[in-house]
2 protein chains.
Amino acid sequence: MAEPMYRIIADDLDRRIKIGELQPGAQLPSEIELREEYGQGTAKASRNTVRDAIKLLVTRGLVETRPGQGTFVVKKVLPFVSRLATDPEAGGIEDGVYKDEVGKRGRTPDETRPRVEVQPADPTVAGELGLTGDEQVISRHQERRIDGTPWSMQTTFYPMKFVERGATNLLMAENIAEGMVKYLEEKLNIKQVGWRDTITARTPTGNERTFFTLSDKVQVAIIEFRRTSYDETGVPIRHTVTVYPADRNQFEMEAGAVPARPEKNHEAK
Amino acid sequence: MAEPMYRIIADDLDRRIKIGELQPGAQLPSEIELREEYGQGTAKASRNTVRDAIKLLVTRGLVETRPGQGTFVVKKVLPFVSRLATDPEAGGIEDGVYKDEVGKRGRTPDETRPRVEVQPADPTVAGELGLTGDEQVISRHQERRIDGTPWSMQTTFYPMKFVERGATNLLMAENIAEGMVKYLEEKLNIKQVGWRDTITARTPTGNERTFFTLSDKVQVAIIEFRRTSYDETGVPIRHTVTVYPADRNQFEMEAGAVPARPEKNHEAK
DNA sequence: AACGATTTGTTCGTATGTATC
DNA sequence: TGATACATACGAACAAATCGT
């Protein structure tokens, strides 16, 4: 028995999904029924073996289980496409990691009011902001939804000394209408002239699972953008961490001359 | 018992890993030992329950199991950082999705010779290349390693008509020394002036698991770059798909004026 | 509102296989 | 070779969620 039984079952169901015998949204046979389908001759497979196979498909992101209902082939959601700005002018205005067009596309965006905290900088943030030891930083956290669905979370860190130098609005739990970049320029004469993004993907934390309503079983990666912005003298101004669940987000980047994108099909594969 | 036992065990081990009681690389207690650690009073937990807890930690990417040896806290590998080019001149030269500096950083890159095939375009590729129906495309596939570790896979698709018009080297299973962009310009007078990238993250396919040596259990996301390049008239020239395992790759992007990056700490969290 | 049928979730026991040292 | 540790497989019982009657 080179291949274990549960893997054989999983691979067969995998195949049936891929060839379209089981369409997205379709219900799989119940565990009891699968016991019979995959039995050796007259003997039925054990329910636990069938369940092991299904667990494997869950981690592959192919199916999801719903207690009391059944097991279903996952439906892909319509991803929201964010265009990554490569122009410091364009990107700075929006005060976010990406230049989005939520409204333009007939989707309704929703942003929570910032949750503002003062906390000691963790080593990563301290490093990015050029702080030594455990200085305090201001953390501004926001959660974003599109059409009611949790879409991204963002936390921006500013050095505490900005407040001491007069930028007290940093502590306000309100969006700053004029944008943070402009505010810092007016208040402290600090100009944001560039930034560096670091992009990684990883498994979600507990918090992220909760906010994005990712069941503990469904396998969805988190895409993390970390942006450090700099002023004219090369001094870091702020550090922004934005996280996106990969199942409902996509990113686009253009370089050089590119024709406008035609209306695109968003069907599931 | 709101929370099931296996989740309580998993969360506790999760916590012990996060606070550093269990360091990366450290061995967890064996399943037999964990049975006693997490028993209710005198009763031991079932071995299956302990195993369920460990399976959960595996899917969270926190631990890995080795038959005959034990269960270990995963060690993060040193990620390779790719700088995403935003300048069509710079990016085009290297003929890849990213402008890398493998050699400069004392790491030894390794690229397989292209595997060249002629095949009918799948709907996505056809759409990106502006082909109708099931025209043929040339597919050139390469695998990359760094210091012997599988790092990325890349497939580039070209319209078949490029060959008919004289660019026969597209069918050669060799790297084209001068670079494909230059070759197409000389041979067909096609100039690549821009591109559009689409970035997504998803679970690995079976092929990807094999090449990247990702065990069926370890949860690592795949980062996928799809790039369509265009000529001066806005006609798509080629479509490139590059996939990276997220555990050993990271991406950087700069905009505006940014100071040079100082030597960075790459310790595991 | 109550109940039963169906389906997945949790927990335990047990036996045996396979990998490593 | 034996000891240890994880992997597979099966059986069983009860819990919890969902849906229709």
Side-chain angles (χ1 to χ4, degrees), chain A residues 1-13 22 25-59 62-74 209 213-219, chain B residues 1-13 22 25-59 62-74 209 213-219:
Chain A
M1 192 193 300
E3 276 290 274
M5 179 69 58
Y6 76 94
R7 215 181 294 261
I8 294 175
I9 299 174
D11 287 342
D12 188 60
L13 289 170
L22 294 164
Q27 179 166 13
L28 269 65
S30 77
E31 292 168 354
I32 310 292
E33 290 166 325
L34 287 174
R35 287 190 62 178
E36 312 202 343
E37 265 190 64
Y38 291 101
Q40 301 276 10
T42 105
K44 293 189 272 191
S46 167
R47 183 177 163 222
N48 280 329
T49 303
V50 168
R51 282 178 63 74
D52 282 346
I54 291 175
K55 275 181 209 157
L56 192 50
L57 295 179
V58 168
T59 69
L62 288 175
V63 305
E64 62 185 339
T65 58
R66 300 182 207 143
Q69 297 187 52
T71 304
F72 301 83
V73 181
V74 294
R209 284 215 126 91
T213 61
L214 304 172
S215 123
D216 214 342
K217 297 148 294 180
V218 180
Q219 275 310 328
Chain B
M1 195 195 300
E3 277 287 275
M5 180 67 59
Y6 77 93
R7 216 181 291 261
I8 294 175
I9 299 174
D11 287 342
D12 189 60
L13 289 169
L22 294 163
Q27 179 167 13
L28 268 64
S30 78
E31 291 168 354
I32 310 292
E33 290 167 324
L34 287 173
R35 287 190 62 178
E36 313 204 342
E37 262 190 68
Y38 291 100
Q40 300 278 12
T42 103
K44 293 188 275 192
S46 167
R47 184 177 161 223
N48 282 329
T49 303
V50 168
R51 281 178 63 75
D52 282 346
I54 290 175
K55 275 180 209 158
L56 190 51
L57 295 179
V58 168
T59 69
L62 287 174
V63 305
E64 62 184 340
T65 57
R66 301 181 206 145
Q69 295 186 52
T71 304
F72 301 84
V73 182
V74 294
R209 284 215 124 91
T213 62
L214 303 174
S215 126
D216 214 343
K217 294 149 294 178
V218 180
Q219 275 309 328

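Chain identifiers are assigned alphabetically (A, B, ...) following the order of the sequence lines, protein sequences preceding nucleic acid strands; residue numbering begins at 1 within each chain.
- When each of B:G70 and B:N48 is assigned the nucleotide of DNA chain D with its nearest heavy atom, B:G70 is the one assigned upstream, toward the 5' end.
- Atoms CG (B:D52) and C1' (C:dT10) sit 8 Å apart, rounded to a whole Å.
- For B:T71, the side-chain atoms get nearest to D:dC6 when compared with the rest of D:dT18, C:dT11, D:dC6.
- With hydrogens and angles disregarded, no donor-acceptor distance shorter than 3.5 Å links the side chain of B:Q69 to the backbone of B:Q27.
- If you take OG1 on B:T65 and CG on B:L57, they are separated by 11.0 Å, rounding to the nearest 0.5 Å.
- As rounded to whole Å, 14 Å separates atom P of C:dC12 from atom CZ of B:R47.
- Considering only side-chain atoms of A:R51, the nucleotide from C:dT8, C:dG13, D:dC6 that sits closest is C:dT8.
- Between the P atom of D:dA17 and the CD atom of A:E64 lies a distance of 18 Å, rounded to the nearest Å.
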TODO: Show your reasoning for whether side chain to side chain contact (heavy atoms under 4.5 Å, CB included) applies to A:L28 and A:V73.
DONE: CA-CA 7 Å; A:L28 269 65; A:V73 181; 3.6 Å; yes

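- Distance CD (B:E31) to C1' (D:dA5): 7 Å, rounded to an integer number of Å.
- Heavy atoms of B:R66 sit under 4.0 angstrom from primed sugar atoms or phosphate atoms, though from no base atom.
- Between the P atom of C:dT10 and the CD atom of B:E3 lies a distance of 10 Å, rounded to the nearest Å.
- Taking every side-chain heavy atom of A:S46 into account, D:dC10 is the closest of D:dC10, C:dT20, D:dA5.
- In this entry the distance linking OH of B:Y6 with C1' of C:dT11 reads 11 Å, nearest Å.
- Checked options B:R51, B:K55, B:K44; the residue passing with B:E31 is B:R51 (criterion: salt bridge (charged side-chain N to carboxylate O under 4.0 Å, His left out)).
- Among the nucleotides D:dC6, D:dA17, C:dC12, the one closest to any side-chain atom of A:P67 is D:dA17.
- To the nearest angstrom, P of D:dA9 lies 11 Å from NZ of B:K55.
- Distance from the side chain of A:T65 is smallest to C:dG9 among D:dC19, C:dG9, D:dC10.
- Remark: C1' of C:dT11 and CG of B:L56 are 16 Å apart, rounded to the nearest angstrom.
- Under 4.0 angstrom from either OP1 or OP2 of D:dG11 there lies at least one side-chain N or O belonging to A:R35.
- Here D:dC10 is the nucleotide among D:dC10, C:dC12, C:dT8 with the atom lying nearest to any side-chain atom of A:A45.
- Screening A:D12, A:D11, A:L13 for a side-chain contact (heavy atoms from CB on, under 4.5 Å) involving A:I9 leaves a single residue, A:L13.
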